[in-house]
Amino acid sequence: MKVATRLIAGLLVGAALTVAASVNSFAGDKQITLGFSQVGAESAWRTANTVSVKTSAKDAGINLKFSDAQQKQENQIKAIRSFIAQKVDVIAFSPVVESGWEPVLTEAKNAKIPVILTDRSIDVKDTSLYVTMIGSDFLEEGRRAGRWLEERYKNEAGPINIAELQGTVGSAPANDRHAGLMEVIKNDPKFKIIASQSGDFTLAGGKQVMEAFAKTYGKQINVVYAHNDDMALGAIQAMEEAGIKPGKDVSVVSFDATKGGFEAMIAGKINVDVECSPLLGPQLMTAVKDVVAGKQLPKRIVTNETVFPMSVAAQILPQRKY
Ligand code: GYE
């Protein structure tokens, strides 16, 4: 081939490749539709989580179909079925409770729609029913709280009576924050859980349950172990109305580390707040894109978190994002 002919041939091949590449990226650029079923709007954590999911979908150019289950599993099952019927590209959801997901997730699998779990895990034998689970390690959070209690009471003989405000019955954070605590305190008989009831992760629920605890146990309670800040804030109101000083007469242990939790720590009413980040949106959108692109994802993506004692609250609050 002469030089000029070779050059022309080269240019033609190059042009063909460019066309092919642009066809490919066009196909790759098709907007992804994500169906997301949220638990509800029960807490400050949840509100921050919803904002995170919505803004990061927008930033990622993902078309989001958002559905609020009002803390009912049946509503989530309906939402997932409707996402399947709409043939969304990916389904993500934060499961209200751990059990009972096999039937609807099998329907999604049969429809070849990948499912990503965020925030709360589920209890299924067949883990191929979901691609990955993005969220906190609630068991470790419970252990962290337990270790704080051990340290706090290491020089006291006890008994140390704990009143527990549980989250939503059957939810992963309620199950695991309880189990994590038990794992740490079970070998130390001075710690006793004298009362345990669900306040459904809401402020009103926490207040109501604490009113009943205060009536029955009064000054016997040494520790209030609230599974989230909203319930801790409700319990603080109930204690104050019952003449008990939260943070002083009673140690208040809480989870989430929201701004509301920090303000209560600064006021001396929550003694320790175990962090749980709701800002899962960006990681979720990356996972959604990766799944659509056919990439292999790790089965578990764990969020980075820490523990904030009351003493650091004033210094840290200005940096808190939720
Ligand atoms: O701790 C609580 C919310 O699932 C981690 O749900 C979440 C929990 C969070 O209502 O505030």
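We count ligands from 1, going down the list as the structure has it; atoms in each ligand are counted the same way.
Ser198 and Asp200 are not linked by any side-chain donor-acceptor pair at a separation below 3.5 angstrom, with hydrogens and angles left out of the test. Between the side chains of Asp229 and Ser254, at least one donor-acceptor pair of N or O atoms lies under 3.5 Å. Side-chain contact annotation: Lys65 with Thr33, donor-acceptor N/O pair under 3.5 Å absent.
You'll find the side chain of Ile193 reaches within 4.5 Å of the side chain of Leu181, heavy atoms only.
Those atoms of ligand 1 that come under 4.0 Å of a heavy atom in Asn228, given as number and element, are 2 (C), 11 (O). Interface atoms of ligand 1 facing Glu42, defined by a heavy-atom separation under 4.0 Å, are 3 (C), 6 (O), 10 (O). Counting the atoms of ligand 1 from 1 in the order shown, those under 4.0 Å from a heavy atom of Arg177 are 1 (O), 5 (C). The distance from ligand 1 to the heavy atoms of Ser43 drops below 4.0 Å at these ligand atoms: 2 (C), 3 (C), 10 (O), 11 (O). Of all atoms in ligand 1, listed by their number and element, those nearer than 4.0 Å to a heavy atom of Phe201 are 2 (C), 10 (O). Listed by number with element, the atoms of ligand 1 under 4.0 Å from a non-hydrogen atom of Pro173 are 4 (O).
Cation-pi contact between Lys186 and Phe191: absent, since separation from the ring centre below 6.0 Å together with deviation from the ring axis within 45° is not met. The cationic atom of Arg320 (NZ for Lys, CZ for Arg) lies less than 6.0 Å from the six-membered ring centre of Tyr322 and within 45° of the ring axis.
The shortest contact between atom 8 (C) of ligand 1 and any protein heavy atom is with Arg120 NH2, 3.7 Å. Atom 7 (C) of ligand 1 has its closest protein heavy atom at Asp119 OD1, 3.3 Å.
Counting heavy atoms under 4.0 Å from ligand 1, residue Cys276 touches it through the side chain alone. When non-hydrogen atoms are compared, ligand 1 lies under 4.0 Å from neither the backbone nor the side chain of Glu141. Within the 4.0 Å heavy-atom criterion, the part of Phe138 lying near ligand 1 is the side chain and not the backbone.
Relative orientation of the Phe36 and Phe66 rings is parallel, given thresholds of 30° and 60° on the angle between their planes.
Between atom 11 (O) of ligand 1 and the options Thr258, Asp229, Asp256, the minimum heavy-atom separation is to Asp256.
For Glu140 and Arg147, the salt-bridge test passes: some basic side-chain N is under 4.0 Å from an acidic carboxylate O.
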